[in-house]
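Worksheet: one structure, shown below.
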Amino acid sequence: MAFISFSCKKKEIYETLTPLQKIEIQFKRQLWEASLALDSLNKIESLEKKKEWYLKARNFFKMCEPILAFTDTGNYNYLNQPNILKIKEEDFTDIKIDEPQGFQVIEEMLFSEEKLEHPILKKNVVFTSNRLKLIHKNLTLGFLKEHHVLWILRDAINRVALTGITGFDSPVLSNSLEDSKMVYLSLKEIITIYEPQFRNKQIYQNWIKQFDATISFLSDKNFDSFNRYNFIKEHTHTALILWNQTVKDWEVVFPFKQPINYEVNNLFDNKTFNINFFTDQKGNPLEDEKVQLGKLLFEDKSLSYNKSISCATCHKQELYFTDGLVKSPGTSRNSPTLFYAALQKGFFHDKRTGSLEGQIIDVVNNPNEFHLSLNDLEKRVMEKEDYVVAFKKIYKKEIDNHIIRNAIASYIMSLNPFNSKFDLNMQGKENTLTESEINGFNLFMGKAKCATCHFAPLFNGLVPVSFKESELELIGVPKTKDTLIVTIDEDLGRYEIYKTEERKYFFKTPTIRNIEKTAPYMHNGVYTSLEEIVDFYNRGGGIGLGIPLENQTLPFDSLHLSNKEKKDLVLFMKTLTDSY
């Protein structure tokens, strides 16, 4: 729809351009067309016509997405941000709260059932159109190299699979499949432009064949019934195989590693993520001796003030690294699992620390937990000759609190097995998922809107594909199970860190991997079964239960899930239980 047509003379000139110059022309044309469509939206009064122009603008924007999201993340996020307050808490003196702008805001104004306020709509449309024009004027792609082009392709493929098909950025209209189709049309154009780069022409032909199949699969599909399980297995993973073949064919060497390892062809594998992206440790944090040393420290009660507790007290291996209690002793919150804990950006329920090592400091210093200083921690470790010898051998230095925390963090970083029934089926090692379990995954990733906060493949709040931010959400967790007299739990969550009023009751989105084994649930342990959890979300969270919450981020309308759909969701979640 957005491919360029030329006169004969211009076509001759176009053919002399480099692939990158051709891509820039295409990209800028799409930006311009998106802005013009928004301008047209503002010029007409008919609501139906406004909707048509919005969809045209959205299609052009989605065709821009692969390149824009990579080359100008700030502007991409601005144009595609959710219709909720944007809160940045850098420190106690630099807290910024911004009203949202962009496509999602316009979409909610045009397609929601609430009364349309034309002046506010017009203002948002003008802002969005002007931002597109500004990008069109200033952004060039001359700095891109071949490895950047490959990054753009892979990011877009993964983004569609992990957020694009979920309704993440089309919460009202659920236009996700059409959006994803536009992205794939854009990727096909990029590969077509780079055809001369392929030494092995069969790889190029396979790309075209796969793109056509994927675009067809995304066409004319109902959002609720779309088979996301098949899409990821048959389209995303096939595209990743072709991507790796292309890397070899183009003889590209990447200057540094990314969050997802380059060689992976599967997003649900223990080799998918580059663990070094999630730590400041040097070398291999998963070195066997380092992990085993960390495990000893993790289970050592002598590292607490009265030598009565260890990390393992609240994170018991037999309970999937939880303690099975409503609230852990010495704390006011439920103990989360440590499985996959390393694969996030932010720790504790309120995300008050940014690293595993920082989390350990908090536990050591907490008077209700270890109640030691870091100097005392060093002394306790140095009292044992076995530790002195082990640290000297592994770290080639004397013991200090930094490498103590480093070793414990290494052990926690080793707890990412990816060997659940669901993973093994995604990896092609089993074909054991039932129809109900697959339907549960498709519901999770679609109609039930679970995956718009619990992002696959980690099923936590770490946002693909940059994997730089773990989201905080306000879902309105009640104090008790009582659905007749409902009150919000008094824990203010993130608010207690910076005292930002708009952050009251916000908590970090945890992983649901191994959720079958980690009851009770929520930060206050209020729910004890998966059926209760599904019911809470189906009702619309806190607001759905009747709690007045101005800033709830969870959609508060009923999901209208049938009893069978609720059951299938639970069955899917149980397939995420690891064996260890």
Side-chain angles (χ1 to χ4, degrees), residues 89 92 294-339 341-342 344 346-383 400-402 404-409 411-412 415 470 472 477-480 488-500 503-511 518-528:
E89 298 169 312
F92 292 97
K295 186 175 189 294
L296 290 174
L297 294 163
F298 184 88
E299 297 172 347
D300 191 342
K301 292 183 178 181
S302 72
L303 303 186
S304 63
Y305 176 74
N306 59 9
K307 301 184 179 182
S308 63
I309 65 170
S310 68
C311 301
T313 301
C314 294
H315 300 283
K316 303 177 188 294
Q317 182 172 338
E318 65 271 21
L319 295 178
Y320 281 72
F321 294 96
T322 68
D323 58 12
L325 302 175
V326 171
K327 295 179 183 178
S328 295
T331 77
S332 61
R333 294 169 184 165
N334 182 251
S335 179
T337 180
L338 293 185
F339 272 123
Q344 57 183 332
F347 298 85
F348 292 107
H349 284 291
D350 52 22
K351 210 175 84 166
R352 64 182 179 269
T353 63
S355 69
L356 283 170
E357 289 84 353
Q359 183 177 27
I360 294 165
I361 293 175
D362 193 290
V363 172
V364 170
N365 292 161
N366 190 330
N368 295 318
E369 295 183 274
F370 279 26
H371 195 193
L372 290 180
S373 69
L374 293 177
N375 287 336
D376 289 334
L377 179 69
E378 291 177 11
K379 292 176 183 177
R380 293 283 180 94
V381 174
M382 286 190 288
E383 287 173 356
D400 61 39
N401 77 80
H402 176 75
I404 294 170
R405 292 182 284 119
N406 183 288
I408 297 172
Y411 173 57
I412 298 171
L415 304 176
S470 289
L472 292 156
V477 176
K479 186 174 183 179
T480 70
I488 189 77
D489 185 81
E490 62 268 17
D491 190 334
L492 296 176
R494 180 69 174 184
Y495 171 82
E496 297 292 2
I497 310 302
Y498 291 103
K499 306 299 182 184
T500 306
R503 285 293 205 198
K504 282 185 176 179
Y505 310 114
F506 273 73
F507 293 89
K508 179 170 62 70
T509 304
T511 184
T518 57
Y521 307 113
M522 304 300 190
H523 66 272
N524 62 352
V526 64
Y527 295 125
T528 54

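For Arg380, there are no salt bridge (Lys or Arg N to Asp or Glu O under 4.0 Å) partners at least two apart in sequence or on another chain. Contacts of Arg405 classified as salt bridge (Lys or Arg N to Asp or Glu O under 4.0 Å), with partners at least two apart in sequence or in another chain: none.
Residues Asp350 and Glu496 form no side-chain contact, since every pair of their non-hydrogen atoms from C-beta on lies 4.5 Å or further apart. Looking at Phe507 and Phe348, their side chains never come closer than 4.5 Å, going by heavy atoms from C-beta outward. Counting heavy atoms from C-beta outward, Lys295 and Gln317 have side chains that approach closer than 4.5 Å. Residues Ile361 and Leu374 form a side-chain contact, since some pair of their non-hydrogen atoms from C-beta on lies under 4.5 Å apart. Counting heavy atoms from C-beta on, the side chains of Asp491 and Asn524 never come closer than 4.5 Å. For the pair Asp300/Ser310, no side-chain contact is recorded, criterion being any heavy-atom separation below 4.5 Å from C-beta on. The shortest side-chain heavy-atom distance between Leu356 and Phe347 falls under the 4.5 Å cut-off. The shortest distance between side-chain heavy atoms of Asp323 and Thr313 does not fall below 4.5 Å.
Of the N and O atoms on the side chains of Ser304 and Glu369, not one donor lies less than 3.5 Å from an acceptor on the other residue. For the residue pair Lys351 and Gln344, no side-chain donor N or O sits within less than 3.5 Å of a side-chain acceptor on the partner.
Under the 6.0 Å cut-off for aromatic ring centres, Tyr305 and His371 qualify, their centroids lying closer than that.
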request  = Take His315 and Thr322, measure what side-chain contact (heavy atoms from CB on, under 4.5 Å) needs, and give me the verdict at the end.
outcome  = CA-CA 4 Å; His315 300 283; Thr322 68; 5.8 Å; no
task = Carefully, step by step, assess Asn375 and Ser373 under the rule side chain to side chain donor-acceptor pair (under 3.5 Å).
result = CA-CA 5 Å; Asn375 287 336; Ser373 69; 5.1 Å; no
message = For Lys327 and Asn334: C-alpha separation, side-chain torsions, deciding distance, then whether side-chain contact (heavy atoms from CB on, under 4.5 Å) applies.
response = CA-CA 4 Å; Lys327 295 179 183 178; Asn334 182 251; 5.6 Å; no
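Between Tyr505 and Asp489 the shortest heavy-atom distance is CE2-O, 3.4 Å. Ala409 and Glu357 make their closest contact through CB-OE2, 3.6 Å (heavy atoms, listed as atom of the first residue, atom of the second, distance). Listed here is the closest heavy atom pair of Ser470 and Lys508: CB-CD, 4.3 Å. Smallest separation of non-hydrogen atoms from Pro478 and Tyr527: CG-OH, 3.2 Å. The shortest heavy-atom contact between Cys314 and Ser335 is O-OG, 2.7 Å.
Judged by distance alone, with hydrogens and angles left aside, the side-chain atoms of Asn401 form no donor-acceptor pair with the main-chain N or O of Leu377 at under 3.5 Å. Between the side chain of Ser328 and the main chain of Thr331, no donor-acceptor pair closer than 3.5 Å is present.
Surrounding NZ of Lys479 are at most 12 heavy atoms belonging to other residues, nucleotides or ligands under 6.0 Å away. Counting non-hydrogen atoms of neighbouring residues, nucleotides and ligands closer than 6.0 angstrom, the NZ atom of Lys379 reaches no more than 12 such neighbours.
Ring pair Tyr320/Phe339 is tilted by interplanar angle, where 30° to 60° counts as tilted. A perpendicular orientation is assigned to the rings of His349 and His523, their planes being inclined by more than 60° (bins at 30° and 60°).
We find that Asp362 and Arg352 are joined by a salt bridge, their nearest charged nitrogen and carboxylate oxygen being less than 4.0 Å apart.
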